[in-house]
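Report on the following structure.
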Amino acid sequence: MKPGDKEFLAELFGAAVEAADPEAALRARLPARPRGRTVVIGAGKGVAQLAAAFERLWDGPLEGVVVTRYGYAAPCQRIRVLEAAHPVPDAAGLQASRALFEAVEGLGEDDLVVALICGGGSALLPCPPGPLTLADEAAMNSALLASGAPISVMNAIRKQVSGIKGGRLAAACHPAKVVTLVVSDVPGDDPAQVASGPTIPDAADRVEARALVKTWGIRLPEAVETWLAGEEGQPPSPDDPVFAAHAVHVVASARLSLEAAAARAEARGVPAVILSDSIEGEARDVARVHAAIAREVAGRGRPFARPVVILSGGETTVTIRGQGKGGRNTEFLLSLALAGEGVPFAALAADTDGIDGSEDNAGAFTDGASMQRLRGMGADPAALLAGNDAWTAFHRLGDLFVPGPTGTNVNDFRAILIR
């Protein structure tokens, strides 16, 4: 990797995160003050920062409670910040779900509920319905994460196996008005998909959920399969009158962040192109497509002329086959480095929330010579990829990217620089 490449790529990541700054994102979408109470609720890996920003911006009394991932809290004066486990829910998440319901009990028509929703909320808000237990929901979440299914599929199933997702939390706020402010981390920016839409109803039904389980070959716990086979406890319909006065706004997204990164690159004299802000698919397969584009640019000057930085966003998935450590961004990079070996590129892929998978890195850096260096250390890159052990590969190379929690979450950020 050439001198300055890492710093340049990290600067683009910083521009993308800055574009999703919580205070700037909320300022333009503040609702009117109500005659009654203002109650703030929310969930997600960046929700504590959103809550703190809302407190600074709100000109009036407020109260509330939000839940974020362990280690992601931010100081708030009037909004209680709870922490719970991610990506597999725990008992603290169950208590947090109960706290959110308690916060909206007994509201009237003059009251306002502001829901701050961002990525990660699905795991942070376990609420097993009927006879199901927290262990059942945690096992379901693990099965979904290991399946390789896209986020839209996982959330369609989660909404059918929950007492809080799919608009149920908003229904509990009735007759108060609910304004949901969403930081989108899902391809296409459908707000009903973010955090499985606790305050946004969805038209998808249980028949569709059962079909998705079959199509993707997802092995759910027996108790969850039994629940899905029945019709009890289905989520409310979008045309239910309880949602008539509700409003939903996407205040930050991958599209806006990628555009900010592109502008920063061009200000630095490097042309930028955005492939898409909504790329889905198996991380290693998406990487091979990106590697093919990089090879074509480097070798033939098409479809883009050099120099160029190629940007993309969205949310890839990883089908778990081995016992290694990593996340979708490090897996993307390991596959990219293998498929693009010898191509003169430098790349960064990272989750904009600051954490990729279960370790403390957001992602990593790589280039066309990384795999040669890794083999020189006695490692087998192909075997590491087969075992889903991309974290180990980049840890050995010293190329992990560890910015820490960013306070926002607008999905994955990928930048491939070709000088």
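From a predicted model like this one, the values you see are computed outputs, not experimental measurements.
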Any donor-acceptor N/O pair, E55 side chain to Q77 backbone, under 3.5 Å: yes

R284: salt bridge (charged side-chain N to carboxylate O under 4.0 Å, His left out) partners, not counting sequence neighbours: E331

Heavy-atom side-chain contact between C127 and F101 under 4.5 Å: yes

Under 3.5 Å donor-acceptor, R321 side chain and N388 backbone: no

Any V113 side-chain heavy atom under 4.5 Å of K177 side chain: no

Expected output: side-chain K2 to main-chain A346 donor-acceptor under 3.5 Å: no

Stepwise side chain to side chain contact (heavy atoms under 4.5 Å, CB included) test for F8 and V270: CA-CA 10 Å; F8 173 75; V270 180; 3.9 Å; yes

Closest approach of T199 to T180 (non-hydrogen atoms, all atoms of both residues): OG1-OG1, 2.8 Å

R414 charged N/C atom sitting above F332 aromatic ring, 6.0 Å / 45°: yes

R396 (side chain) donor-acceptor with L374 (main chain) under 3.5 angstrom: no

Distance (rounded to the nearest 0.5 Å) between F365 CZ and L333 CG: 9.5 Å

S184 backbone acceptor or donor facing D189 side chain under 3.5 Å: no

Least distance between heavy atoms, A379 atom then L384 atom: CB-CD1, 4.2 Å

Whether T352 side chain and N409 backbone form a donor-acceptor pair below 3.5 Å: no

Atom pair CG/CG of L417 and D367 - distance to nearest 0.5 Å: 10.5 Å

Aromatic ring pairing H246/F243, orientation class (parallel under 30°, perpendicular over 60°, tilted between): perpendicular

Closest approach of M154 to L145 (non-hydrogen atoms, all atoms of both residues): SD-N, 4.0 Å

Over all atoms of both residues, closest heavy-atom pair of A203 and P238: N-CG, 3.7 Å

Spacing of CD1 belonging to I151 relative to CD belonging to Q193, to within rounding of 0.5 Å: 8.0 Å

Working for side chain to side chain contact (heavy atoms under 4.5 Å, CB included), residues H290 and L275: CA-CA 9 Å; H290 281 66; L275 292 183; 3.8 Å; yes

Any donor-acceptor pair under 3.5 Å from S122 side chain to S196 backbone: yes

R288 and S335, any side-chain heavy atoms less than 4.5 Å apart: yes

CZ (R373) with more than 12 external heavy atoms under 6.0 Å: yes

Side chain to side chain, I355 and Y72, heavy atoms closer than 4.5 Å: yes

Side-chain donor/acceptor of D136 to backbone N/O of A223, under 3.5 Å: no

Salt-bridge contact R328-D412 (side-chain N to carboxylate O under 4.0 Å): yes

Shortest non-hydrogen contact from A209 toward I157: O-CG1, 4.1 Å

Gap separating the CD1 atom of I41 from the CG atom of L100, nearest 0.5 angstrom: 6.0 Å

Residue pairs passing the ring pair (Phe, Tyr, Trp, His ring centres under 6.0 Å) test where at least one lies in residues 269-289, sequence neighbours excluded: none

Worked check of side chain to side chain contact (heavy atoms under 4.5 Å, CB included) between N155 and R158: CA-CA 5 Å; N155 286 350; R158 285 167 170 156; 2.7 Å; yes

Main-chain N/O of A337 paired with S370 side-chain donor or acceptor, under 3.5 Å: no

Salt bridge (Lys or Arg N to Asp or Glu O under 4.0 Å) contacts in which one or both residues fall within residues 376-386, not counting sequence neighbours: none

More than 12 heavy atoms from other groups under 6.0 Å of CD on Q372: no

Partner residues of D90 under the side-chain contact (heavy atoms from CB on, under 4.5 Å) criterion, sequence neighbours left out: Y70, A84, A85, A92

Residue pair P34 / W58: nearest heavy atoms and the distance that separates them: CD-CZ2, 4.0 Å

For L181, the option from I117, L50, L26, V248 that meets side chain to side chain contact (heavy atoms under 4.5 Å, CB included): L26

S278 side-chain N/O to P187 backbone N/O, donor-acceptor pair under 3.5 Å: no

Residue pairs involving residues 144-173 (criterion ring pair (Phe, Tyr, Trp, His ring centres under 6.0 Å); sequence neighbours excluded): none

Neighbour count >12 (heavy atoms, 6.0 Å) for atom CZ, R56: yes

Residues in salt bridge (charged side-chain N to carboxylate O under 4.0 Å, His left out) contact with R206, at least two apart in sequence or another chain: none

Check against side chain to side chain contact (heavy atoms under 4.5 Å, CB included), Q49 and T408: CA-CA 7 Å; Q49 289 76 12; T408 192; over 6 Å; no

Salt-bridge present (D399, K6; N to O < 4.0 Å): yes

